[in-house]
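This report refers to the structure that appears directly beneath it.
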There are 2 protein chains.
Amino acid sequence: MGMATTPVRERTRSEIRQHAMELFAEKGYDATSLQDIASVVGCSKATVLYHFNGKPAVLASVLEPAANLVAELVAEAGQLPPAAAQERVITGFTEIVVRFRGLISVLNDVVPKMDQMPEFHAMVEVGMVLTRLLAGSDDPRQLGLAGYAIQGLLGECHTPVQRTDDDLRDLAVTAMHRLLVVPPPETTPAP
Amino acid sequence: MGMATTPVRERTRSEIRQHAMELFAEKGYDATSLQDIASVVGCSKATVLYHFNGKPAVLASVLEPAANLVAELVAEAGQLPPAAAQERVITGFTEIVVRFRGLISVLNDVVPKMDQMPEFHAMVEVGMVLTRLLAGSDDPRQLGLAGYAIQGLLGECHTPVQRTDDDLRDLAVTAMHRLLVVPPPETTPAP
DNA sequence: GTCTATACGAAGATAGAC
DNA sequence: GTCTATCTTCGTATAGAC
């Protein structure tokens with residue numbers, strides 16, 4: 001309480017997080033062992049487990065910045081009217097996913113096990129609210145399409161196809177508009 | 001060479017495949033150990049590994065029927081004109097995925113590791129041809145949307161959301177049409 | 001508080017007896 | 001063809017040095 005917290009702990013912690021992030025993005029979550037992380041950091045497995053309460057906790061820490069951005073986006077869009085919120089989420093979520101695309105691919109190692117990982121329950125909750133905002137309504141059909149749109153984008157992040165960030169962004173925004181934004185039937189005649 | 005192949009080998013092999021299929025669909029690929037399979041079959045781990053050259057080979061064997069159906073679909077659609085082939089692939093691929101949806105979810109455990117698994121190179125090839133037929137053209141933008149459509153469908157199979165087979169089929173067909181089938185601009189005036 | 005050393009059980013895989 | 005025994009490496013847990 002008295003002085004600032006010791007800097008040593010935080011320094012080691014963030015070094016572990018940094019190198020774990022790189023290894024997860026490079027080889028995937030399952031394929032990265034605690035020994036791999038410890039070797040790159042230059043410490044022992046036990047040290048990694050002193051700073052993080054198990055391997056899932058390392059992943060949660062790595063994912064935290066992206067998860068926070070999504071949570072902020074959802075909170076912000078939640079105060080907009082449905083159509084504006086939908087548009088905000090399409091561009092905002094795409095931007096976040098593109099920025100962290102190397103990390104997104106590890107989500108697929110994790111999604112099947114999320115039930116047993118309390119660290120990720122909050123992320124699941126945010127994901128459900130995001131889906132609803134993206135859908136623009138509570139219509140089950142529209143909610144289904146929103147989930148489909150999210151799955152498509154996440155899947156594109158761990159596909160072997162090479163794609164620039166700009167191409168991925170354009171693809172995602174185009175796809176989400178086609179899937180979710182109902183074309184105004186006869187609103188705009190050609191100018 | 002002389003007589004028919006010994007039936008014993010094939011019998012054990014298909015028992016392993018059958019029970020492995022059920023376990024993979026139920027718990028996922030990563031969460032199913034060779035010991036789990038051996039226990040259900042009533043043999044030892046070593047016996048499983050005698051019949052299959054490693055755990056990925058077990059998975060490849062389990063996935064083979066679905067992979068063959070997709071390969072047949074691709075071969076058949078490849079002889080149609082682009083628009084008809086696209087429609088054939090949309091309904092046919094959706095049908096196969098829905099039928100094997102319990103197994104499709106394990107694909108996501110596998111996709112990231114496909115590089116190191118020669119058993120699956122043929123499946124990757126077929127997937128690329130499927131994508132092109134679904135796209136309907138070689139336009140990179142259209143190919144991107146086709147890949148997005150496939151990823152969305154596969155993702156829907158391992159999502160926690162409950163959905164009937166009919167609902168999943170309707171969702172997939174709707175999504176693929178919106179993503180890929182260009183709406184005829186002014187072709188059909190209201191009747 | 002921070003870290004190393006060591007041990008445990010389970011995983012995939014292999015060698016060799018029967 | 002099937003087994004037991006064994007190997008290596010994984011994630012995890014604990015004891016104790018500094």
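All values below come from the heavy atoms of this structure, side chains included, with hydrogens, waters and symmetry mates left out. Letters go in sequence order (proteins before strands), and every chain restarts at 1.
The pair A/R99-A/E95 does not count as a salt bridge, with every side-chain nitrogen at least 4.0 angstrom from each carboxylate oxygen.
Listed by chain and number, the residues in a side-chain hydrogen bond (donor to acceptor under 3.5 Å, both in side chains) with B/H121 amount to none (sequence neighbours excluded).
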| Intermediate values then yes/no, side chain to side chain donor-acceptor pair (under 3.5 Å), A/H177 and A/E87 | CA-CA 9 Å; A/H177 275 104; A/E87 204 57 45; 2.7 Å; yes
| Pair A/S39-A/D36, side chain to side chain donor-acceptor pair (under 3.5 Å): steps then yes or no | CA-CA 5 Å; A/S39 297; A/D36 292 336; 5.7 Å; no
| task | Show your reasoning for whether side chain to side chain donor-acceptor pair (under 3.5 Å) applies to A/T91 and A/T94. | result | CA-CA 5 Å; A/T91 56; A/T94 297; over 6 Å; no
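Listed by first and then second residue, the ring pair (Phe, Tyr, Trp, His ring centres under 6.0 Å) pairs involving residues 11-39 of chain A are A/F24-A/Y29 (not counting sequence neighbours).
A/H51 places its NE2 atom 7 Å from the P atom of C/dT2, with the value rounded to the nearest Å. Atom P of nucleotide D/dA13 and atom NZ of A/K55 are separated by 14 Å, given to the nearest angstrom. Between the OH atom of A/Y50 and the P atom of C/dT6 there is a distance of 21 Å, given to the nearest Å. Between the CG atom of A/N53 and the C1' atom of D/dA13 there is a distance of 11 Å, given to the nearest Å.
Of the residues in residues 30-49 of chain B, those lying under 4.0 Å from DNA chain D by heavy-atom distance are B/C43, B/S44, B/A46, B/T47.
A sub-4.0 Å separation between OP1 or OP2 of D/dG1 and a side-chain N or O of B/T12 is absent.
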